[in-house]
Amino acid sequence: MSSTFGSIFKISTWGESHGVGVGVVIDGCPARVRLSEEDIQAQLNRRRPGQSDIVTPRNEEDRVEILSGVVDGQSTGTPIALSVRNKDHRSSAYDEMQHTYRPSHADYCYDAKYGIRAWAGGGRASARETIGRVAAGAVAKAVVQALYPELEVLAWVQQVHGIVCPVEPQNVQAATVEGNIVRTADAETAERMAAAIREARTRGDSLGGIVACTVRNCPVGLGDPVFDKLEATLAHAMMSIPACKGFEVGSGFSAPEYTGMQHNDPYYMEGERVRTRTNNSGGIQGGISNGEDINMRLAFKPTATLMVEQDTVTDAHQEAKLKGKGRHDPCVLPRAVPVVEAMAWIVLADHILKQRTTQID
């Protein structure tokens, strides 16, 4: 079972939802990058459960510990190991799921593929695995901003079910996103989204939606022109996030509605810089960044655990009924935002480190 991502800046996440702990090993981080547990913890706090009444109430501090690779606040160039202990796991809530497959979860597929699974909490299929991603993303951010301090990655909830945030990507502000419990870009829309999530939870139901992400001040030249196109590795990273069912960059799935004349992004000069007047390409052309904002959107499905009875089968292939138990998010989107940002930072760090090996000045 592969748990590794990246080519130069590599991450390997480990641990199960209801095991002793979870974490990540990072290989390929350059030496002398300034790192602290506080910086990593700040990102984990954005992902942790129990933040508000619209997320899971599981009470975890998600306190990170740096086990290796950092001395006196700087990376040493050796593997960085980061660990977070599980403290509030209640496996008894999953006793019934030991032999009964939860609808739309990975239970059946894991059993069919491996013949064994960590059934409590979903094991590796649990979104708790993303702790390692967010921790690694904080390290990747430190690497990127050491080289490009103006580069910014900003994600936000753009849509919950049928409620859409009207703010355009270029106008989204981090303070607004972090200023509401939904992590959307408009305060009034946040109230409507939160109300919809609460109402779905009352019914025992769940909601999906869209997380948007923009990369600002990205350097030109990131990405390879064939199999490792920048949008291809971003798609790989984002589609590996639990519950993500769709990815687009730039015009994405609306591109068929354009003509070529409408869709092309004309070039012009802004001083010494080559710019495009429109950005339907989403900041990437031919698989390589062109210096414009990279705009992405990710579709997330509704949470699969529902507090209503559903049809299912057991591992003995007997038909059964199952009602969800345990503590779950009625909507994954607010806590998915820092995960999306983390995966973007990881991809950018990997491509930036690769780019530094492609040219001789």
Side-chain angles (χ1 to χ4, degrees), residues 1-13 24 28 106 109 124-125 127 129-130 132-134 136-137 140-141 144 151-159 169 172 208-216 218-258 263 265 276 279-301 332-333 335-355:
M1 184 188 299
S2 175
S3 295
T4 300
F5 180 81
S7 57
I8 293 181
F9 188 92
K10 296 181 181 179
I11 72 166
S12 297
T13 66
V24 65
C109 296
R124 290 291 289 165
E129 177 269 340
T130 62
R133 300 171 186 241
V134 173
K141 178 179 180 180
V144 171
L151 195 151
E152 178 187 11
V153 175
L154 178 59
W156 67 99
V157 175
Q158 189 179 67
Q159 181 174 340
V172 175
I210 293 173
V211 172
C213 181
T214 188
V215 179
R216 296 168 178 164
C218 182
V220 179
L222 301 186
D224 296 337
V226 186
F227 294 113
D228 284 333
K229 290 182 165 88
L230 181 55
E231 68 261 52
T233 47
L234 284 167
H236 181 182
M238 300 306 175
M239 289 295 291
S240 74
I241 298 172
C244 183
K245 302 299 288 184
F247 172 84
E248 68 175 22
V249 62
S251 58
F253 286 95
S254 67
E257 301 171 10
Y258 292 75
H263 192 271
D265 296 321
T276 63
N279 192 21
N280 293 312
S281 299
I284 303 172
Q285 294 170 325
I288 300 170
S289 61
N290 65 6
E292 302 296 331
D293 290 352
I294 298 172
N295 295 321
M296 301 168 276
R297 299 205 316 156
L298 292 76
F300 283 86
K301 69 175 184 177
V332 302
L333 298 169
R335 296 175 61 218
V337 165
V339 182
V340 170
E341 290 180 358
M343 294 308 294
W345 284 115
I346 290 165
V347 169
L348 291 168
D350 199 29
H351 276 287
I352 285 170
L353 293 176
K354 284 197 291 185
Q355 176 67 6

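Position 1 is the first residue of the sequence; numbering continues from there.
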With sequence neighbours excluded, tell me which residues meet side-chain contact (heavy atoms from CB on, under 4.5 Å) with [X].
| X | value |
| --- | --- |
| A255 | S251, H263 |
| A140 | F9, W345, I346, A349 |
| N279 | E292, D293, N295 |
| A235 | F247 |

Could you go through residues 236-246 and list every donor-acceptor pair under 3.5 Å that involves a side-chain atom there, pairing it with any protein atom two or more places apart or in another chain?
unit_1	atom_1	unit_2	atom_2	d
S240	OG	R133	NH1	2.8
S240	OG	A237	O	2.7

Task: Exercise: do T233 and D228 side chains pair donor with acceptor under 3.5 Å - done: no
- [ ] Kindly write out the residues that satisfy salt bridge (Lys or Arg N to Asp or Glu O under 4.0 Å) with R216, not counting sequence neighbours, or none if the list is empty.
- [x] E152
Open item on the list: Tell me every residue that passes salt bridge (Lys or Arg N to Asp or Glu O under 4.0 Å) with E231, counting only those two or more places apart in sequence or in another chain.
Closed with: none
TODO: Verify, without hydrogens or angle tests, whether S289 (side chain) and I284 (backbone) share a donor-acceptor contact under 3.5 angstrom.
DONE: no
Task: D265 (side chain) donor-acceptor with T276 (main chain) under 3.5 angstrom - done: no
Starting at [atom1] of [X], measure out to [atom2] of [Y] and round the result to the nearest 0.5 Å.
| X | Y | atom1 | atom2 | value |
| --- | --- | --- | --- | --- |
| I288 | Q355 | CD1 | CD | 8.5 Å |
| I294 | L230 | CD1 | CG | 5.0 Å |
| K354 | D224 | NZ | CG | 4.5 Å |
| L348 | L234 | CG | CG | 6.5 Å |

Nearest heavy-atom neighbours spanning [X] and [Y]:
| X | Y | answer |
| --- | --- | --- |
| V337 | A155 | CG1-O, 3.4 Å |
| V144 | L151 | CG1-CD1, 3.9 Å |
| A342 | V134 | CB-CA, 3.7 Å |
| I8 | D350 | N-OD1, 2.7 Å |
| I11 | A136 | CG2-CB, 3.7 Å |

side-chain hydrogen bond (donor to acceptor under 3.5 Å, both in side chains) partners of [X], counting only residues at least two apart:
| X | value |
| --- | --- |
| E248 | R297 |
| S12 | T4 |
| R124 | S3, T13 |

Task: Flag if over 12 foreign heavy atoms under 6.0 Å of NZ, K10 - done: no
TODO: Could you point out which residue of M296, Q158, M343 forms a side-chain contact (heavy atoms from CB on, under 4.5 Å) with C213?
DONE: M296
